[in-house]
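Worksheet: one structure, shown below.
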Amino acid sequence: MASSVRVRFAPSPTGYLHVGGARTAFFNWLYARRHGGAFVLRIEDTDAERSSDDMIAGILDGLRWLGLDWDEGPGIGGPHEPYFQSQRFDRHRAAAAALVAGGHAYYCYCSADRLRQERERADARGEAWQYDRACLSLPSQRIAELEASRAPRAIRFKVPPGQTAFADAVHGRIEFDGAHIEDFVILRSDGHPIYHLSVVVDDVDMRITHVIRGDDHISNTPKHVLLFQALGAPVPRFAHVPLILGADKKRLSKRHGATSVMEYARQGYLPDAMVNFLALLGWSPGDDRELMSRRELVDSFTLEGISGGNAVFDTAKLEWMNGQYIARMPIEELAALVLPLLAREGLWPEHAPADERLRRLIELLRPRAKRLSDFVDQARPFLVDTVEYEPEAIKKHLDVPGLSEHVAVLVRALRETSPFDEQQVETTVRRTAEQQGIKAASLIHAARVAATGRTASPGIFEVLAWLGRDRTVRRLEQLVSFLASQD
RNA sequence: GUCCCCAUCGUCCAGAGGCCCAGGACGUGGCCCUUUCAAGGCCAAAACACGGGUUCGAAUCCCGUUGGGGACGCCA
């Protein structure tokens, strides 16, 4: 396979997997799957202080939850191990040395202090400071002195003059003038590689063919292109994906609420819905399709379909989409997801399987649910022994003259109703209302309060039929007592 | 400050010179259905940032302005 695509997702484990990263990962995954290529996962844990195993685990959890399986990387290895950048320092150091030897990079003895001062001074003037190449042409005698005194030295890349351009699948050709790129450090004086060096060396080693990453890397890309070239490696194709913004159009951050994909998992969003929603944030199949399966997404995905502008994360649309997935999901699958949530709330015995009755309840609740967590809240009155009446429900539906009487009559009628199914219950309730000379609605609302304690529920006849005769009668009688106690 | 990216309804997208007095979806409003709340159905309001060009013709091409975003570390 000459054209074999190799893409990678390279998160730095300095935080959880946020929605922006998730979308980038997904685009990479889609591209790999679309072209029968490899999706490589590489952990960029170069920054030891800010990286931790917990965060790595969190990111992997997020990817697994989304269903983004990687072909090479942590946990499964692969032909280009290791997949942790921190274990590849030797490679990076060797590359840095080779660049120095080849005249592409040079030692820099400038103190961090001096650089900081220069920058602060420039900043005060409202300007940006670029490294002044003080160490580029140090006299050999001075170098000898510095070496003799064991002065710390970093390695800087010597940026060549002229234009550096690259083709970007979403932005087209992008060009930078070398004059605006400073001689950036590639190896710290403590021997640790800098990000720019590490990514490029690793991408070269791992034979990455397409770099699909966040827009915020555009200005780093010329540096990377220069490094690929200096290293004598082919330059991969780039695709810079625009960022995801919060409702205020600012970059997504903690104050925007949920930004971690696992937070959405906790809130009851479905991975398929999440992934579908994320795909449409900044990408389109070129037509008007919205609800798309993974299969369809894979079949339709192209880098050219990615739009150039930033996108606002619209929670309302995510909710809608999640509701669509809930509505379409096979009941068995849905029950399997809802069950543990009910069990956690003590509404369903731990480890007990979903029976026909529970499946029916979930079916009743389904059209009203946007998130899995909605099931827990809405199922509660059905699965407890004693219903509690919401104050609003009492106020709104129980203040009917003679209601207690009417409900008592309904109870007697329901005792005789057979079969106790939706149809017959409806007939009974309506007939009773007629006989009592009241509107069916009054009885229906009262029954809803009796059965659920709430003002909103699935259709009341379905609800009563689901409860069954005994429980229905009991709950209605409880209402009668309640009404009596109110007088 | 410098460099780079972006610019179609409130939001996400379609539109790659005539098919567009701009299409879909979410959201919003109305109506229908109805026992409530949803779901569903129907309808509606809602946008090519601005100014110059190019062209017989521009949302689509070019330039500028404005606005938004990103990057300018011995962080990733």
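In what follows, every chain begins at residue 1, and chains take the letters A, B, ... in the order their sequences are listed.
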Between [X] ([atom1]) and [N] ([atom2]), how many Å, whole number?
X: Trp283(A); N: A14(B); atom1: CH2; atom2: P; result: 10 Å
X: Asn310(A); N: C12(B); atom1: CG; atom2: P; result: 9 Å
X: Asn276(A); N: C12(B); atom1: CG; atom2: C1'; result: 12 Å
X: Glu426(A); N: U34(B); atom1: CD; atom2: P; result: 11 Å
X: Leu245(A); N: G10(B); atom1: CG; atom2: C1'; result: 15 Å
X: Leu291(A); N: C26(B); atom1: CG; atom2: C1'; result: 11 Å
X: Asp216(A); N: C75(B); atom1: CG; atom2: P; result: 18 Å

Judged by modelled atom types alone, do [X] and [Y] share a side-chain donor-acceptor pair under 3.5 Å?
X: Asp215(A); Y: His240(A); result: no
X: His210(A); Y: Asn28(A); result: no
X: Gln324(A); Y: Arg328(A); result: yes
X: Arg475(A); Y: Thr452(A); result: no
X: His196(A); Y: His224(A); result: yes

Counterpart base for [N], defined by Watson-Crick or G-U wobble contacts under 3.5 Å:
N: A22(B); result: none
N: A39(B); result: none
N: G27(B); result: none
N: C3(B); result: G70(B)
N: C50(B); result: G64(B)
N: A45(B); result: none

Is the phosphate of [N], meaning OP1 or OP2, less than 4.0 Å from a side-chain N or O of [X]?
X: Lys249(A); N: U11(B); result: yes
X: Arg251(A); N: A71(B); result: yes
X: Lys439(A); N: U35(B); result: no
X: His171(A); N: C6(B); result: yes
X: Arg119(A); N: G73(B); result: yes
X: Arg153(A); N: C74(B); result: no
X: Arg156(A); N: C74(B); result: yes

> Counting only non-hydrogen atoms, which of residues 175-184 of chain A are less than 4.0 Å from RNA chain B?
Replying inline: Glu175(A), Phe176(A), His180(A), Glu182(A)
> What residues in residues 314-330 of chain A put a non-hydrogen atom under 4.0 Å from any atom of RNA chain B?
Replying inline: Asp314(A), Ala316(A), Lys317(A), Trp320(A), Gln324(A)
Contact class for [X] vs. all strands (heavy atom < 4.0 Å): base, sugar-phosphate, or nothing?
X: His196(A); answer: base
X: Ala128(A); answer: base
X: Lys370(A); answer: sugar-phosphate
X: Leu187(A); answer: nothing
X: Gly282(A); answer: sugar-phosphate
X: Pro222(A); answer: nothing
X: Ser198(A); answer: nothing
X: Gly126(A); answer: base

Flag side-chain contact, heavy atom, 4.5 Å: [X] against [Y]:
X: Asn322(A); Y: Lys370(A); answer: no
X: His92(A); Y: Ile186(A); answer: no
X: Phe228(A); Y: Pro236(A); answer: yes

I'd like the [atom1] distance from [M] over to [N], given in whole Å.
N: G41(B); M: A46(B); atom1: P; result: 24 Å
N: G73(B); M: G29(B); atom1: P; result: 49 Å
N: C26(B); M: U34(B); atom1: C1'; result: 25 Å
N: G51(B); M: A7(B); atom1: C1'; result: 15 Å
N: C6(B); M: C32(B); atom1: C1'; result: 43 Å
N: C12(B); M: A49(B); atom1: P; result: 14 Å
N: C4(B); M: U60(B); atom1: C1'; result: 24 Å
N: G70(B); M: C61(B); atom1: P; result: 25 Å

> With sequence neighbours left out, what residues match Ser284(A) under side-chain hydrogen bond (donor to acceptor under 3.5 Å, both in side chains)?
Replying inline: none
> Ignoring hydrogens and angles, are the base of C72(B) and the side chain of Ser219(A) linked by a donor-acceptor pair under 3.5 Å?
Replying inline: no
> Ion pair present between Asp205(A) and Arg88(A), side-chain N to carboxylate O less than 4.0 angstrom?
Replying inline: yes
Of the options [options], whose atoms approach the side-chain atoms of [X] most closely?
X: Ser12(A); options: G1(B), A76(B), C37(B); answer: A76(B)
X: Ser284(A); options: A14(B), A76(B), U36(B); answer: A14(B)
X: Ala154(A); options: A14(B), C37(B), C74(B); answer: C74(B)
X: Tyr195(A); options: U36(B), A76(B), C12(B); answer: A76(B)
X: Ile444(A); options: C74(B), C12(B), U35(B); answer: U35(B)

> Taking for each residue the nucleotide of RNA chain B with the nearest heavy atom, is it His445(A) or Val185(A) whose nucleotide lies nearer the 5' end?
Replying inline: His445(A)
>> Nearest heavy atom decides the nucleotide; on that basis, is Leu280(A) or Glu44(A) closer to the 5' end of RNA chain B?
In response: Leu280(A)
> Where the side chain of Arg173(A) meets the backbone of Phe166(A), is there a donor-acceptor pair that is under 3.5 Å apart?
Replying inline: no
>> Using 30° and 60° as the class boundaries, would you call the ring planes of Phe27(A) and Phe301(A) parallel, tilted or perpendicular?
In response: tilted
> Where is the tightest heavy-atom contact between Arg359(A) and Ile331(A), given as atom of each residue plus distance?
Replying inline: O-CD1, 3.8 Å
>> Please identify which of these residues, Arg156(A), Lys158(A), Arg133(A), meets the salt bridge (charged side-chain N to carboxylate O under 4.0 Å, His left out) condition with Asp183(A).
In response: Arg133(A)
